[in-house]
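What follows is a set of notes on a single structure, which appears directly below.
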There are 2 protein chains.
Amino acid sequence: MDKQERSYKDKKVISIGTVSELTGLSLRQIRYYEERKLIAPFRNDHGTRKYSFNDIETLMDIADKREDGVQTTEILKEMRLQERKRERESKDDIKKKMLQGQLNAQFRNRRGQL
Amino acid sequence: MDKQERSYKDKKVISIGTVSELTGLSLRQIRYYEERKLIAPFRNDHGTRKYSFNDIETLMDIADKREDGVQTTEILKEMRLQERKRERESKDDIKKKMLQGQLNAQFRNRRGQL
DNA sequence: CGTGTAAGGAATTCTGACACG
DNA sequence: CGTGTAAGGAATTCTGACACG
């Protein structure tokens, strides 16, 4: 996913009625999940909520878990765990790339010595 | 761009007020360009227009051309030319892939004969 | 806890039209 | 041709609250 596409996914431009249609959740449910800190829509000048496609995906995950009887507090914890996991993986990825870069450099050096 | 990301770009979910903010165009202008067939927003049950990120990009292109004094009729022609060009390129791409496939098959055959 | 609902107000969007140039 | 604007109506969204379980 390049920068441009990311921006589509993260841009908060969708109003709550459309989100409701897309997710099958009621307005009440969507607003309640915000109250429980599960999502954070953007508020424009007037105070109208605007959601991203990312928010919609999160809401669909929430809907699945709620159907399985998971409470919002639990869902919040799970989401935070997931978040930390992604951060770790992202860091590991950077480390891996740096290591690879060093190996490549060594390889070039040895080849030069032959 | 994979299917998922395409769907974000093409999904018509943004209302005209937000499009106006994002493009800097007035509601009147956006509706007028639709009247001139330059864009085709989705209409929901109530009749409210819904735009995609793609529509927004098109509108920004239109805005640039209008600033250069290009009339909507001309812009429409240009857009249709562009569309045909993209179609040709897409077809050429398929042909190229088929040809490559045949070459690969021949190569495998000859190698087998050795 | 999670969700429905009625309440009143404010902002959005729609269409058709008149205006200007 | 392209755009602004006032007009009247319909649908959207917001918040705080009461209800149920």
Side-chain angles (χ1 to χ4, degrees), chain A residues 11-80, chain B residues 11-80:
Chain A
K11 203 130 200 174
K12 307 215 173 207
V13 294
I14 311 173
S15 52
I16 196 168
T18 303
V19 173
S20 172
E21 285 175 19
L22 259 33
T23 60
L25 294 167
S26 69
L27 305 187
R28 185 68 165 98
Q29 286 174 311
I30 298 170
R31 294 192 189 114
Y32 180 68
Y33 299 150
E34 175 184 358
E35 191 183 321
R36 302 316 307 271
K37 310 285 184 192
L38 299 182
I39 42 172
F42 167 74
R43 296 294 190 112
N44 67 13
D45 346 298
H46 168 47
T48 304
R49 294 169 176 84
K50 295 295 175 187
Y51 302 83
S52 66
F53 283 112
N54 230 333
D55 291 329
I56 289 177
E57 288 186 9
T58 302
L59 283 169
M60 295 178 109
D61 287 346
I62 294 171
D64 286 345
K65 289 179 182 168
R66 283 293 302 128
E67 276 184 25
D68 292 344
V70 186
Q71 293 196 339
T72 56
T73 323
E74 291 307 312
I75 297 176
L76 182 57
K77 284 180 196 164
E78 288 176 23
M79 285 174 53
R80 285 182 173 161
Chain B
K11 203 130 200 175
K12 307 214 174 210
V13 293
I14 311 173
S15 52
I16 197 167
T18 304
V19 172
S20 172
E21 284 175 20
L22 259 34
T23 61
L25 294 167
S26 70
L27 306 187
R28 185 68 165 96
Q29 287 174 310
I30 297 170
R31 293 192 189 115
Y32 181 67
Y33 299 150
E34 176 184 358
E35 191 183 320
R36 303 315 307 271
K37 310 285 184 191
L38 299 182
I39 43 170
F42 167 74
R43 297 293 190 112
N44 67 13
D45 346 297
H46 168 46
T48 304
R49 295 168 175 84
K50 294 296 175 185
Y51 302 82
S52 67
F53 283 112
N54 230 333
D55 291 329
I56 289 177
E57 288 187 9
T58 302
L59 283 168
M60 295 178 110
D61 288 345
I62 294 171
D64 285 345
K65 290 179 183 169
R66 283 294 301 130
E67 276 184 24
D68 293 343
V70 186
Q71 292 196 339
T72 57
T73 323
E74 291 308 312
I75 297 177
L76 183 57
K77 284 180 194 164
E78 288 176 23
M79 285 174 53
R80 286 183 173 160

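Since the structure is predicted, the reported quantities are computational estimates derived from the model, not experimental observations. Throughout, a chain's letter reflects where its sequence line sits, starting with A, and its residues are numbered from 1. Computation of the quantities below employed the complete heavy-atom set of this structure, encompassing side-chain atoms and omitting hydrogens, waters and symmetry-equivalent molecules.
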- How do A/Arg36 and B/Ser15 order along DNA chain C: which one's closest nucleotide is nearer the 5' end?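 Result: A/Arg36.
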
Report yes if at least one side-chain N or O of [X] is closer than 4.0 Å to OP1 or OP2 of [N]; otherwise report no.
{"X": "B/Tyr32", "N": "D/dG2", "answer": "yes"}
{"X": "A/Thr72", "N": "C/dG2", "answer": "yes"}
{"X": "B/Arg31", "N": "C/dC14", "answer": "yes"}
{"X": "B/Ser26", "N": "D/dG4", "answer": "yes"}
{"X": "B/Arg49", "N": "C/dC14", "answer": "yes"}
{"X": "B/Arg66", "N": "D/dT3", "answer": "yes"}
{"X": "B/Arg43", "N": "C/dT15", "answer": "yes"}
{"X": "B/Tyr33", "N": "D/dT3", "answer": "yes"}

How close or far is atom [atom2] of [N] from atom [atom1] of [X], stated in whole angstroms?
{"X": "A/Asp68", "N": "C/dG2", "atom1": "CG", "atom2": "P", "result": "14 Å"}
{"X": "A/Glu67", "N": "C/dG2", "atom1": "CD", "atom2": "P", "result": "15 Å"}
{"X": "A/Arg28", "N": "D/dA17", "atom1": "CZ", "atom2": "P", "result": "12 Å"}
{"X": "A/Lys50", "N": "D/dT12", "atom1": "NZ", "atom2": "P", "result": "13 Å"}
{"X": "A/Leu25", "N": "C/dG4", "atom1": "CG", "atom2": "P", "result": "9 Å"}
{"X": "B/Leu38", "N": "D/dG2", "atom1": "CG", "atom2": "C1'", "result": "12 Å"}
{"X": "B/Glu21", "N": "C/dA11", "atom1": "CD", "atom2": "C1'", "result": "12 Å"}
{"X": "A/Glu35", "N": "C/dG4", "atom1": "CD", "atom2": "P", "result": "14 Å"}

- Query: Starting at the 5' end of DNA chain D, which residue's closest nucleotide do you reach first, B/Gln29 or B/Asn44?
  - Reply: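 Taking each residue's closest nucleotide, the earlier one in sequence belongs to B/Gln29.
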
- Step by step, would you call B/Thr58 with B/Leu38 a side chain to side chain contact (heavy atoms under 4.5 Å, CB included)? CA-CA 8 Å; B/Thr58 302; B/Leu38 299 182; 5.8 Å; no

- Message: Just verifying a value: how many Å separate B/Met79 CE and B/Asp61 CG, rounded to the nearest 0.5 Å?
- Response: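 CG of B/Asp61 is found 8.0 Å from CE of B/Met79.
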
- Message: Rounded at 0.5 Å granularity, tell me how far NZ in A/Lys12 sits from CZ in A/Phe53.
- Response: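 Between A/Lys12 NZ and A/Phe53 CZ, I get 13.0 Å after rounding to 0.5 Å.
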
- Message: Suppose we define a pair by two distances each less than 3.5 Å, Watson-Crick or G-U wobble; what does C/dT12 pair with here?
- Response: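 D/dA10 is the nucleotide pairing with C/dT12.
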
- With both distances kept under 3.5 Å, what pairs with D/dA17, Watson-Crick or G-U wobble?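 WC or wobble partner is C/dT5.
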
- Task: List for me each residue that meets side chain to side chain donor-acceptor pair (under 3.5 Å) alongside B/Ser52, sequence neighbours excluded, and say none if there are none.
- Result: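 In terms of side chain to side chain donor-acceptor pair (under 3.5 Å), with neighbours along the sequence ignored, B/Ser52 is linked to B/Asp55.
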
- Verdict with supporting geometry, A/Glu74 and A/Lys77, salt bridge (Lys or Arg N to Asp or Glu O under 4.0 Å): CA-CA 5 Å; A/Glu74 291 307 312; A/Lys77 284 180 196 164; 3.5 Å; yes

- Candidate nucleotides C/dC14, D/dT13, C/dA17, ranked by approach to the side chain of A/Ile16 - the nearest: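 Closest nucleotide among those given: D/dT13.
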
- Query: Can A/Glu21 and B/Lys50 be counted as an ion pair, charged N to O under 4.0 angstrom?
  - Reply: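 Salt bridge: no.
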
